[in-house]
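Quantities reported herein were computed from a predicted structural model and do not represent experimental measurements.
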Amino acid sequence: MIGSLNPQQQAAVTLPTGHALVLAGAGSGKTRVLTTRMAWLIQGGQVSPFGLLAVTFTNKSAREMLTRLSALLPINTRGMWVGTFHGLCNRLLRAHHRDAGLPQTFQILDTADQLSAIKRLLKAAGIDDDKFPPRDVQRFINGSKEQGLRPDDVDAYDAHRRGLIDLYRQYQVQCEREGVVDFPELLLRAYELLLRNAPIREHYQRRFQHILIDEFQDTNDLQYRWLKLLAGGGASLFAVGDDDQSIYAFRGANVGNMAAFEREFAQGNVIRLEQNYRSYGHILDSANALIAHNAARLGKNLWTEQGEGEPVRICEQGTDLLEAQWVGDEIRALVSGGHSRRDIAVLYRSNAQSRVIEHTLFSSGIPYRVYGGQRFFERQEVKHALAYLRLVANPNDDTSWLRVVNFPARGIGARTLEQLGDLAKEQGSSLYAAVSAMGGKSGAKLGTFVQLLSDLSEQSSVLPLPELIEHVIHHSGLRDHYMGEKEGADRLENLQELVNAATVFVGEEGLMGEPASARMGPSSDALEFPDAGVAPPSQSALDSFLSHASLEAGDNQAQAGEDAVQLMTVHAAKGLEFDCVFITGLEEGLFPHENSLTEQGGLEEERRLMYVAMTRARQRLYLTLAQSRMLHGQTRYAMRSRFLSEIPEEHLKWLTPREQQRTVPDPVSWGGAYRRGDAYARSPATLAPRTAARSLTTGVTVGEQHFRVGQGVAHARFGEGTIIGLSGTGTDAQAQIQFRDVGTKTLALGVAKLAIVQG
DNA sequence: AGGAACCTTATTTTT
DNA sequence: TAAGGTTCCT
């Protein structure tokens with residue numbers, strides 16, 4: 001089992017009991033070490049499969065871990081605690097819902113559900129949403145929870161803050177009443193449950209002797225505390241991560257947890273996995289050199305036994321369109337040179353960049369697949385069907401109620417719902433419970449809806465889940481509604497797919513106990529606690545399925561199948577690898593993104609993002625950029641990304657002239673100026689240079705002055721500086737100027753009085 | 001209740 | 001540019 005591992009991997013796998021930090025570089029066999037460690041612990045009799053807890057961030061990696069574990073050991077992984085933070089907390093809360101103060105059938109709000117719950121709250125409270133935009137409120141609530149803070153714990157330093165705290169408080173009351181729980185609440189509730197309930201805490205502390213965490217650099221403060229608490233009874237924490245690949249600070253991840261973990265737990269017990277099995281030397285050395293520009297690092301240098309391979313290729317084009325066309329040409333050459341399209345990835349910093357690339361690939365007939373986009377369980381029609389199902393499980397779920405009470409239309413209008421809302425508020429009840437107090441015509445209509453729900457509920461106790469869903473789709477009127485819709489065919493297909501998903505789900509449950517992602521059934525845990533009272537009945541298939549739908553939003557990966565080029569953001573590429581990788585848009589303002597420059601530690605995070613992107617490539621890495629690009633309906637001129645100059649020239653091969661263009665080039669001479677690269681000399685058919693974009697201007701003229709990127713300017717107050725970005729035309733034109741003494745400023749060229757400095 | 005017209009905004013995303 | 005939201009009109 002461990003014979004084929006390198007010495008560092010072996011050392012990590014066979015570490016004696018105690019806390020340890022494994023710094024696992026990109027492509028160093030991290031998942032392998034993690035799963036082999038689990039297998040090794042079990043096989044050596046050091047721990048039973050049930051004494052292990054393994055935590056991941058995505059369902060995908062949890063699944064992979066289980067798959068690889070069962071390939072290593074002939075054990076049944078069923079019932080093992082391997083899953084996402086949210087999945088495991090859900091399981092914990094289901095088993096101890098009473099102690100956690102939750103109804104047994106609590107529903108999970110996804111991000112969109114939560115936002116609509118907040119909007120509803122603001123409306124009901126008559127809050128001015130200019131002052132408190134729902135998104136800000138959501139960010140505040142989730143941010144607080146992720147730091148483990150309840151409304152009373154949050155610092156109320158000004159009036160606006162007090163307003164937010166008050167909304168947070170009201171929101172909690174609303175969730176409580178409706179029996180719903182949002183994502184961060186799953187974690188916080190579970191944390192508080194363990195913190196406050198000593199018997200339960202001690203039980204799990206005793207049970208889990210080994211806790212393993214994947215992607216530790218992505219943990220937030222609450223997750224770290226949760227782990228510490230759970231390990232408080234003497235468990236060994238085995239944390240695997242890579243601080244250089246921390247790219248999720250914007251959603252609360254705290255890289256600092258790695259250093260903290262080393263200090264508080266690992267205490268020198270740190271193993272570095274630095275041998276890379278993925279990329280050739282030039283690629284690795286480029287990535288190493290780039291990331292070395294970051295100051296706050298735990299320190300790590302990847303190396304490979306493979307040769308240096310090919311240099312990193314750089315190509316600069318005049319426009320985003322030319323850049324995309326060049327990428328398309330090069331892909332065609334790579335494919336005719338024998339590469340599969342599925343082994344080629346085009347990466348970009350922001351989703352908006354995919355448009356031009358898609359357009360180009362589409363018109364050149366190159367099959368491609370875009371990662372990301374809408375997930376299955378997030379589709380409108382699927383959410384509608386799920387809302388009916390959720391109301392069956394819990395009619396007090398006002399979010400679901402409002403979603404479908406009048407969909408398909410049944411003549412229940414805004415006035416009626418407003419009235420109903422008032423009644424519910426009066427009696428402090430859910431909308432469902434308030435229906436009986438409604439009289440008149442609208443009361444009757446609502447009564448019919450309630451009757452529908454109770455019919456569905458009745459069916460839910462006799463029909464198997466897939467049939468129940470079928471029944472719901474039919475009797476709710478969703479089917480007829482979409483049949484009558486022009487574009488309804490796809491939606492109907494998705495509804496059928498929902499039935500299929502339920503069939504698969506139920507089948508897996510019967511076959512192997514509970515499915516990996518929703519394992520939370522009648523675990524023996526609850527039985528061991530006298531205060532848990534009567535053993536809770538097994539969760540119904542419907543309840544498990546609803547949790548599954550919330551916790552696993554469905555595929556957002558491009559499907560396997562047709563051999564297609566892979567398009568995705570750099571974030572989405574984390575954890576993946578390809579033979580050939582194009583990183584596009586290497587321009588200041590885009591990558592690194594301009595917004596990052598004002599954030600604390602933002603530039604370093606962008607650099608880590610670039611590092612992640614580069615280390616995706618096995619054989620060949622391309623970095624491309626455009627001198628001008630259409631952004632927000634305006635043409636923008638930008639400088640080369642600083643990241644390009646952070647890679648030593650010895651690893652680079654410029655396919656276009658390296659000399660820094662001080663000005664936006666003349667379009668005619670520039671358009672075809674690139675060399676073909678040398679992708680595959682055997683495919684000369686693709687070598688024809690492209691003609692230039694017809695109307696590429698060379699900068700911005702305002703008044704008599706002509707401004708270009710890279711040009712020196714002087715301002716009466718700010719002094720001398722260099723233009724690093726231009727956008728807009730005429731009186732709208734703006735320049736981003738880096739001043740020698742006062743930093744970077746954005747000035748309106750029509751207003752600012754600038755002198756052009758010669759040279 | 002549905003559609004057209006208008007306005008605003010625009011980084012990254014998993015659970 | 002273009003998507004999403006809101007408002008206003010029929």
Side-chain angles (χ1 to χ4, degrees), chain A residues 55-62 83-90 108-115 119 129-130 133-135 139 142 145-146 181-188 190 214-215 218-220 222-223 246-253 320-321 347-356 359 371-375 377-378 406-415 485 517-518 547-557 568-575 585 589-599 602 605-606 608-610 612-613 629-636 727-728:
Chain A
V55 199
T56 63
F57 276 88
T58 65
N59 293 298
K60 192 178 158 209
S61 40
T84 62
F85 277 103
H86 293 86
L88 295 171
C89 287
N90 176 51
I108 301 166
L109 298 183
D110 68 20
T111 311
D113 297 331
Q114 186 190 28
L115 188 62
K119 282 181 180 163
D129 46 0
D130 281 337
R135 283 187 181 284
R139 197 172 324 125
N142 290 351
K145 289 184 179 185
E146 279 160 11
V181 159
D182 58 45
F183 284 136
E185 184 74 17
L186 282 172
L187 293 174
L188 185 50
D214 192 16
E215 306 277 18
D218 289 340
T219 51
N220 64 33
L222 180 57
Q223 286 159 343
S246 162
I247 56 173
Y248 285 115
F250 71 90
R251 65 176 199 215
D320 49 350
L321 183 61
L347 310 185
Y348 34 83
R349 175 63 180 83
S350 71
N351 285 305
Q353 288 169 255
S354 78
R355 264 184 43 97
V356 204
H359 176 82
Y371 275 54
Q374 217 184 22
R375 320 278 225 64
F377 286 112
E378 288 166 357
N406 196 36
F407 191 97
R410 26 179 94 81
I412 299 173
R415 294 174 312 284
E485 216 179 45
S517 55
S547 295
H548 169 77
S550 304
L551 290 173
E552 183 156 14
D555 235 348
N556 110 85
Q557 315 277 300
M568 68 194 83
T569 64
V570 176
H571 282 90
K574 184 164 164 237
L590 192 56
F591 202 3
H593 197 278
E594 55 191 345
N595 294 2
S596 75
L597 300 178
T598 54
E599 291 162 13
E605 175 133 328
E606 294 288 302
R608 290 193 292 268
L609 202 46
M610 180 67 184
V612 167
R629 143 177 339 264
M630 204 56 155
L631 205 66
H632 308 330
Q634 288 190 322
T635 304
R636 282 191 19 159
S727 67

Whole angstrom value for the distance that separates C1' of B/dT11 from CG of A/L631
11 Å
Minimum heavy-atom separation for A/M630 and A/D320, please, with both atom names.
N-OD2, 3.2 Å
Between C1' of B/dA10 and CD of A/E594, the distance in whole Å
10 Å
By the 4.0 Å heavy-atom rule, please label A/N351 as base, sugar-phosphate, or nothing.
sugar-phosphate
Remember a base hit wins even if backbone is also touched, and classify A/S550 as base, sugar-phosphate or nothing at under 4.0 Å, heavy atoms.
nothing
Tell me: NZ of A/K60 to C1' of B/dT13, nearest whole Å?
14 Å
Whole angstroms only, please: what is the CG-P distance between A/D110 and B/dT15?
12 Å
Does A/R375 come within less than 4.0 Å of A/E552, counting only side-chain N to carboxylate O?
no
Excluding sequence neighbours, so at least two apart, what forms side-chain hydrogen bond (donor to acceptor under 3.5 Å, both in side chains) with A/S727?
none
Provide the distance between the two C1' atoms, one in B/dT12 and one in C/dG5, to the nearest whole Å.
23 Å
Check A/E146 with A/R139, please: is the shortest side-chain N to carboxylate O separation under 4.0 Å?
no
Determine yes or no for a side-chain-to-main-chain donor-acceptor pair under 3.5 angstrom, with A/H593 supplying the side chain and A/N595 the backbone.
yes
So what does A/E599 hit on the nucleic acid, given a heavy-atom distance under 4.0 Å: a base, only sugar-phosphate, or nothing?
base
Answer yes or no: side-chain N or O of A/T111 and base N or O of B/dT15 forming a donor-acceptor pair under 3.5 Å.
yes
To the nearest Å, give me how far apart CZ (A/F57) and P (B/dT15) are.
11 Å
Would you classify A/N406 as touching base, sugar-phosphate or nothing, given that sugar-phosphate means primed atoms plus P, OP1 and OP2, and contacts are heavy atoms under 4.0 Å?
sugar-phosphate
Which comes earlier along DNA chain B counting from the 5' end, the contact point of A/G411 or that of A/I247, where each point is its nearest nucleotide?
A/G411
With the criterion set at under 5.5 Å between ring centres and under 30 degrees between planes, would B/dT12 be stacked on A/F250?
yes
Kindly write out the residues that satisfy ring-ring contact (aromatic ring centres under 6.0 Å, His included) with A/F183, not counting sequence neighbours, or none if the list is empty.
A/H86
When the distance from CG of A/L186 to P of B/dT14 is rounded to whole Å, what number comes out?
17 Å
Name the residue closer to the 5' end of DNA chain B, choosing between A/G633 and A/T58 according to the nucleotide with the nearest heavy atom.
A/G633
Using a 4.0 Å cut-off to any heavy atom of chain A, which nucleotides of DNA chain C are the first and last in contact, reading 5' to 3'?
C/dT1 to C/dA2
Sugar-phosphate only, base, or nothing, as touched by A/F85 at under 4.0 Å among non-hydrogen atoms
nothing
Value in whole Å for how far the C1' atom of B/dT13 lies from CG of A/N59
14 Å
Going through the checks in order, is the salt bridge (Lys or Arg N to Asp or Glu O under 4.0 Å) test met by A/D218 and A/R251?
CA-CA 9 Å; A/D218 289 340; A/R251 65 176 199 215; 5.1 Å; no
Atom-pair distance (CE on A/M610; P on B/dT11), nearest Å
20 Å
Shortest side-chain distance from A/T84, nucleotide among B/dT12, B/dT15, B/dA1:
B/dT15
